[in-house]
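See structure below.
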Amino acid sequence: MTDKHLTTTDYPLAEKRPDLVRTRSGKMLEHLTLEALEAGAVALEDLRITPEALRQQAAIARAAGRPTLGRNFGRAAELVDVPQDVILGIYELLRPGRAKGKADLLDAAHLLRRTYKAEQMASFIEEAAEVYERRGLFSKRF
Amino acid sequence: MPDKPQGAPQIKVNRWRRFADWDERPLRLDKFAVEDASAGFAAFSSPNDPKPGLEIEDGKVKSMDGIAAVDFDMIDLFIATHHLDLEVAPEAMAIPSHEIARMLVDMNVPRAKLVRLAHGMTPAKLAEVVAELNALEIAFAYSKMRARHTPGNQGHVTNAKDDPLQLAADAATAVAFGFDEIETTMRVARNAWSNAVACAVGAAVGRWGTLFQCSSEEAEELQIGMAGFTSYAETVSVYGTERAFIDGDDTPWSKAFLSTAYASRGIKMRCTSGAGSELLMGFHESKSLLYLEARCLCLQRGMGVQGTQNGGIDGAPVTCTVPGGVRELMAENLLAVWLDLECASGNDARPTESEIRVGAKILPYLIAGSDLICSGFGSILKYDNSFNPSLMNGEELEDFLVLQRDFEADGGLTPVGETEILDLRSRAVQAIAAVFEELNLGKPTADMMASVVAASGSEETQSYLPGDVSFISEAIKQRRINVIDVIKALAKRGYRTEAQNLLNVVKLRVTGDYLQTSAIVRNGRIISAVNDPNEYLGPGTGYRVSKERREQLVNIRDVLDRDEVLRSEGRHAKAESRLIQYRTMGAAEPGSDPREVVIGISPAFGLKIFRTLGGHPLSSILDALISGIRAKGCRPRIVRLRHTADTSFLGLSAARLAGSGVGIGIQAKGTAVIHQHDRLPHHNLELFSNAPITKLEHYRRMGENAAAYALSETPEPVVVPTKGEAMGARFHAQVALIYAIETSLTEDGAAPENIEIRLAEVMQ
């Protein structure tokens, strides 16, 4: 993977490394013109971030001495393809008192790992499940 | 009490009325609270704050800040797991706090070294270090430690009617003034989509690159972001106690997940925290405000968010009721940047009614610089601010521009001229109206648009009301209109520049460059802590206002120069030439008539300068003085003095020429004196030093009094009443320019000349 070798000198990618940038549908940045948009050749989907871009930004963040930001970008790369309703559903489940027990969160982690290959995100939710159990956050709130 | 003196009359007074005056000051609307750590009212330290400490065993945290790992609450757990760098921690925790405090203000210790140490420090340790610093040291350390080199600013764009036309106009206006980010919210929650479209379109007018957020309910805000209208979010709040967090209906894990979700959608995100929120929510655990915020900030670094909005956001007003509260807000901002987070440094919710406290609050940030000096400067009027009034608002925006000029400090804003603003506002309402028409969302009338372009605030508009807006907003949501539709509509209707500008902002998310720490867009380029890092190492390093930037900052409106003063005098010259004629009658000799009073006029009097600073024509001034002298039966003689322009010497020279030994000296700007021939130069009989408030009536009485002194009477001196106006501020630039004109006409040894004047009939 190219992104492993990225450093702060490759940043910003749009300026320094446009060769590395591709949209979801494989377009290059220079193809995202107003004319193309008017012609219907650029859709909202083309203006979304990609898992690759997030991994590249994660590498840059690590190179800049920001490991936690890099890890967040790494988790985000895994969520790019997760549908909005699934994301909002898991967010809701992570709020206090929503999950009835540890199993609900472990199911969510399993879903992320199995369906979306979101390994780091899944581990993060499993960690939450442990903490919620320990701190009694599964109790029903009114 | 001292001994009671014998026989002193009893004084029956029950109050010094100055206290009543003070009661009327805006300051007295502010309420202050007693320091009470147990009730949570303690800024920097509380007996309940833990002592810093960290025990590591087998690569795991065994205890942190005196709490054993088994007793960790969820915040401790998150910090211990995700924030603390256990490689660095033993070294960082072993350095005495006062030593680290000194490193923070030592310009020779690089920022990067301190950031590395912070990764290994616990919340109590971080709080203990910054508590060692006084306010000046905190501001200096902040300037050294902030992440991005170039300072910036953020503004609120809202209005009391959720009127999309006004939002578009005000967004374009805020962009023109230079805000790097603008933030909107609604009076009526369901108007979020309309607000988002209106601000996105308005922010695309004039230039591109201002990031935009629509503060709304979490899920809806994310959806609006997904539709492409917004480019950042900062509503993800975190708290410093477990109970406050749960009461806020979240956990560190749910908020971290939401942060990750924003990144996965390519939207810039920062968290919100800040002193006072736990206090307001009732779960403060009797801990100090600073310690709780240190927990919040370690949490945020652990979550991996790029930045924070802190400095007592909604909690700023309650924090400012506590002793040291304002210093605490500065200290918590310092903690944020020390932890290498982007800092939108508060200066947001208005914490006081005192304009002096407002100015004092903003100054350290202005001179230190900040990623975003305000996390919401109210670019609109106070009553239009749907977040609540800000520290600085539309009313005070020019004050801020002048502060930038005063201190030659870059607060991120730039003065803009009236014509340019009017053009931008017109263009913005036309653009949003075109989008509405194109997307069948409405057809605003020309009258609606005109009222908005001219309006300072929503009370002056005849435009959409919140109820109308609801239909527009619901339609945008229901029909799933997204930013592509809006860009197309703009382009189709001929707003191609705006269409391109909006597309440029949406395109930022493809690479995610603007997700890095402290990223903003300047001149079409991303700058962030990665490619524009703050590397301050003393004078000559760090951010400096460039020559070009300085020209922008100093270019406020209505500044005086010499040509302007002369032009203005030129306009008065014509009017005066119809009212008075001066004739030079040869050298002035000492008079012998004991009833003679000499009026000594200055070199430029009636030649280059024609009005006093009080706006009175000089013909009227002479008429008043002469009438006063004659009223007492004395005889005026006018003499032009050419060797001096100084009031005292004008008066003294006039007195020495007068047969009575009494003279009046008067400068063209209206400063006047009564003098007597045998007095010391600065020991005059009467002086009018405040020309701007001196009226014709005063000059007439000055003439009478001069005559009275000539007759050896002892008249009551004429006192020009002042209300304490800052005369220097109002007039000294003009005074200096006018006085330079006077002094340029003086000539060493030039003899006084008799002057005969003829006043037009209308004057008599």
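Just so it is clear, the structure is predicted and the values come from calculations on it, not from any experiment. Order of the sequence lines sets the chain letters (A, B, ...), proteins ahead of strands, with each chain counted from 1.
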Residue, of [options], that accumulates the most heavy atom pairs under 4.5 Å with chain B:
{"options": "A/G65, A/A77, A/A76", "value": "A/A76"}
{"options": "A/I90, A/V42, A/T50", "value": "A/I90"}
{"options": "A/A64, A/A61, A/P18, A/A63", "value": "A/A61"}

Could you tell me the separation between the [atom1] atom of [X] and the [atom2] atom of [Y], rounded to the nearest 0.5 Å?
{"X": "A/L37", "Y": "B/Q500", "atom1": "CG", "atom2": "CD", "answer": "9.5 Å"}
{"X": "A/L94", "Y": "B/L258", "atom1": "CG", "atom2": "CG", "answer": "10.0 Å"}
{"X": "B/D513", "Y": "A/D10", "atom1": "CG", "atom2": "CG", "answer": "10.5 Å"}

Sort [X] into side chain, backbone, both or neither according to what part of it lies under 4.5 angstrom from a heavy atom of chain A.
{"X": "B/T81", "value": "side chain"}
{"X": "B/L222", "value": "both"}
{"X": "B/D73", "value": "both"}
{"X": "B/L77", "value": "side chain"}
{"X": "B/A227", "value": "backbone"}
{"X": "B/Q223", "value": "both"}
{"X": "B/R496", "value": "both"}
{"X": "B/H83", "value": "neither"}
{"X": "B/N531", "value": "both"}

Does any part of the side chain of [Y], heavy atoms only, come nearer than 4.5 Å to the side chain of [X], both counted from C-beta?
{"X": "A/R135", "Y": "B/I75", "answer": "no"}
{"X": "B/E218", "Y": "A/E92", "answer": "no"}
{"X": "B/M303", "Y": "A/T68", "answer": "no"}
{"X": "A/L79", "Y": "B/Y262", "answer": "no"}
{"X": "B/P252", "Y": "A/V131", "answer": "no"}

For [X] against [Y], the heavy-atom pair lying closest together:
{"X": "A/L47", "Y": "B/K507", "result": "CD2-CG, 3.8 Å"}
{"X": "B/M74", "Y": "A/L137", "result": "SD-CD1, 3.6 Å"}
{"X": "A/E38", "Y": "B/A491", "result": "OE2-CB, 3.5 Å"}
{"X": "B/L503", "Y": "A/L32", "result": "CD2-O, 3.7 Å"}
{"X": "A/F73", "Y": "B/A263", "result": "CD2-CB, 4.3 Å"}

Measure distances from [X] to the heavy atoms of chain B and classify the residue's part below 4.5 Å as side chain, backbone, both or neither.
{"X": "A/L54", "value": "side chain"}
{"X": "A/V80", "value": "both"}
{"X": "A/R95", "value": "both"}
{"X": "A/R75", "value": "both"}
{"X": "A/T9", "value": "neither"}
{"X": "A/L29", "value": "both"}
{"X": "A/I125", "value": "side chain"}
{"X": "A/L88", "value": "side chain"}

Quiz item: What is the ring orientation for A/F124 with B/H82, classed by angle as parallel under 30°, tilted 30 to 60°, or perpendicular over 60°?
Solution: tilted
Practice problem: Taking atom types as modelled, find out whether A/R66 and B/Q516 have a side-chain donor-acceptor pair closer than 3.5 angstrom. | Solution: no
